Amino acid sequence: MTTGTFAAGSRDTVPAPRLPARHLPWLGPLPAFYRDPVAMLRAAREQVGNAFAFPLLGQDIVFVCGPEAHAEVFEADEAVLSPREAYRFMAPVFGRGIGYDAATPEEMDAQIAPIRPALGSRNLDTYARVMEAEVRAQVARWPAEGEIDLLAELNRTTVAIATRCLIGEEFHGRMGPELPRLYHELESGIRLAGMLSPKVPIPAFRRRDRARAAIAEAIGEAIAERRGRPPGDGPVGLPDFPSGAAPGQDMLAVLLAARTPDGHPLPDRIVTGILIAMIFAGQHTSAVLATWTGVLLMRHPEYVPRLRSEQQELWTPGSPLGTRVLHRMELLDNCVREAERLHPPLILLMRKALRDTTIRGHHVPAGALVMVSPAVAHRMPEVFRDPDRFDPSRYGAGRAEHRRPYGLIGFGGGKHRCIGLAFAYLQVKAVWSVLLREVDLWPVTSYAPDYSTFVPAPTAPCTVRYRKRSMETS
Ligand code: HEM
């Protein structure tokens, strides 16, 4: 099966088997990869094993799979396997010098540090209320029954949630109706072509750049307004909810209060870039995870009565949906986890090898792009029993398949594990807590993943038939 190898490794290492070249070695298996990267990588893994190499448009790729290989990738020294070098193509979205484009790994860490408390447990309770209010408002706009595009609806909901929780009420009020389109253009500007050359002048990139400029300008105005406001003058951050919960702060308030190591406020350009990066990282990914959760529940309606009983048991009508209640919704949690496993929003995670190294004894030459795929890894029968089956009980006592280190990697692992995991789970659970109570849903199509996008959702339109439930039953 193998037709060649990477440059020979040391005596202790073996080269990763190389996939056979078809017609144009430089192009590699591009057509199959472009059409359905998950199917291509799964098939290659079944034939060749858990590590293999192939060229893609002239770039050497080393693909590795399995908890032990993931551990080596996620825990690698960044001077050897660099996420920053792998994801620099995000710079046109995040901004120069922001996130993966920061000058050093330490600078990127320093940018992320102030965000962690903003996503911490004190704020999550307030965010949960914003989440519930936005989903309920969305459902209230629908007629009593009909058809909706579930992904488009959930995108609108997560855009509203992300802008309110992260940038604040003023920005949301000013930009609200325009944001879903602008975020969509930002997200559509990340393509395979962008990974290889982010500056080529294709129309999607021009739209991406215009959308970023419009969002950055509006965030700049929100920052100027907040900075110009005398201390104590009017509310800062999220509203104080009448339930008596402590008022939360949006992420903008947290970033404006943050100081650099030498005691200066963060420059506006950096604050803007971090906010755009956070929305980019968390909004569409959450909408896609919420959509796949819904698709799986429609395919497996036998779980819906049990999920509704869980709602009835844990949630009292009229009371707010706080984090404590959401955390206790165990069956719902396990269903979302199955969506993360079967349809992870990010299907390819990457690191650039800056030096020759080894992964699971395979030689990886400097310059190669190391790839890990949650979508492929989550279907390994060695890790998840009967992996293609939707089975929320796999996470229950006795099995706990998600506890295997680096097995479930929908949110990455190690030092760069997603900092928004708790926020994202809370959001998807809040969406389905409300939808399970308020609507019945029926599938209309087969919902195949659309691999032409960076975050594969069901192919558009993701049409779903719904009927609102009577308030007595919800
Ligand atoms: C369903 C929703 C989400 C998914 C599937 C997701 C997935 C991921 C994954 C896989 C990584 C690791 C990338 C790698 O190691 O190569 C990551 C990192 C990250 N995520 Fe998320 N994410 C989600 C939501 C969020 C949210 C809501 C936020 C913030 C508000 C966020 C912020 C970040 C940040 C800042 C990093 C980089 C961490 C670092 O490099 O140290 N994500 N995410």
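The structure presented is a predicted model; accordingly, all values stated were derived computationally and were not measured. For ligands, and for the atoms within them, numbers begin at 1 and follow the listed sequence. Only heavy atoms go into these numbers, but all of them, side chains included; no hydrogens, no water, no symmetry mates.
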**OP:** Under 4.0 Å, heavy atoms only, figure out whether ligand 1 is touched by the backbone of Arg351, its side chain, both or neither.
**Re:** side chain
Original post:
So is Tyr425 in contact with ligand 1, going by heavy-atom distances below 4.0 Å?
Top reply: no
**OP:** Supply the atom-to-atom distance Glu340 CD to Tyr425 OH, rounded to the nearest 0.5 angstrom.
**Re:** 4.0 Å
Original post:
When you check the gap from the basic side-chain N to the acidic O, do Asp391 and Arg399 get nearer than 4.0 Å?
Top reply: yes
Subject >> Lys NZ or Arg CZ of Arg208 over Phe205 ring: under 6.0 Å, within 45° >> reply: yes
**OP:** Indicate, as side chain, backbone, both or neither, the part of Ile115 found under 4.0 angstrom from ligand 1 when only non-hydrogen atoms are considered.
**Re:** neither
Original post:
What is the closest protein heavy atom to atom 35 (C) of ligand 1, and at what distance does it sit?
Top reply: Met278 CE, 3.5 Å
Original post:
So, are Glu170 and Arg174 salt-bridged, with charged N and O less than 4.0 Å apart?
Top reply: no
Original post:
Do the non-hydrogen side-chain atoms of Lys415 and Asp109 ever get within less than 4.5 Å of each other?
Top reply: yes
**OP:** May I ask you to say whether Arg84 pairs ionically with Glu78, meaning some side-chain N is under 4.0 Å from a carboxylate O?
**Re:** no
Original post:
Regarding Arg341 and the six-membered ring of Phe384, is the cationic atom NZ or CZ under 6.0 Å from the ring centre and inside 45° of its axis?
Top reply: yes
Original post:
Partners of Asp209 by side-chain hydrogen bond (donor to acceptor under 3.5 Å, both in side chains), sequence neighbours excluded?
Top reply: none
Original post:
Is a side-chain N or O of Arg35 found less than 3.5 angstrom from the main chain of Met40, in a donor-acceptor match?
Top reply: no
**OP:** State, without any angle test, whether Glu330 and Tyr395 hold a side-chain donor-acceptor pair at a distance under 3.5 Å.
**Re:** no
Subject >> Taking atom 12 (C) of ligand 1 as the reference point, the nearest protein heavy atom with its distance >> reply: His416 O, 3.5 Å
Subject >> Distance-only polar pair, side chains of Thr158 and Gln283, donor-acceptor under 3.5 Å >> reply: yes
Original post:
For atom 16 (O) of ligand 1, which protein heavy atom lies nearest, and how many Å away is it?
Top reply: Tyr87 OH, 2.6 Å
Original post:
Which residue supplies the protein heavy atom nearest to atom 37 (C) of ligand 1, what is that atom called, and how far is it?
Top reply: Tyr100 OH, 4.0 Å
**OP:** Examine distances only and state if a side-chain atom of Arg385 and a backbone atom of Glu382 form a donor-acceptor pair shorter than 3.5 Å.
**Re:** no
**OP:** Name the closest protein heavy atom to atom 13 (C) of ligand 1, giving the residue it belongs to and the distance to 0.1 Å.
**Re:** Leu349 CD2, 4.1 Å
Subject >> Residue Ser286 vicinity, atoms of ligand 1 by number, heavy atom under 4.0 Å >> reply: 1 (C), 2 (C)
Original post:
For ligand 1, which atoms have a heavy atom of Phe423 less than 4.0 angstrom away?
Top reply: 27 (C)
**OP:** Please state whether Met251 comes within less than 4.0 angstrom of ligand 1, counting heavy atoms only.
**Re:** no
Subject >> Sub-4.0 Å atoms of ligand 1 with respect to non-hydrogen atoms of Met108 >> reply: 40 (O)
Original post:
What are the protein N/O/S atoms, named by residue and atom, that sit under 2.8 Å from atom 21 (Fe) of ligand 1?
Top reply: Cys418 SG
Subject >> Non-hydrogen atom of Gln283 closer than 4.0 Å to ligand 1 >> reply: no
Original post:
Taking the non-hydrogen atoms of Pro345, is any one of them nearer than 4.0 angstrom to ligand 1?
Top reply: yes
Original post:
Between Arg181 and Glu185, is the closest basic N to carboxylate O distance under 4.0 Å?
Top reply: yes
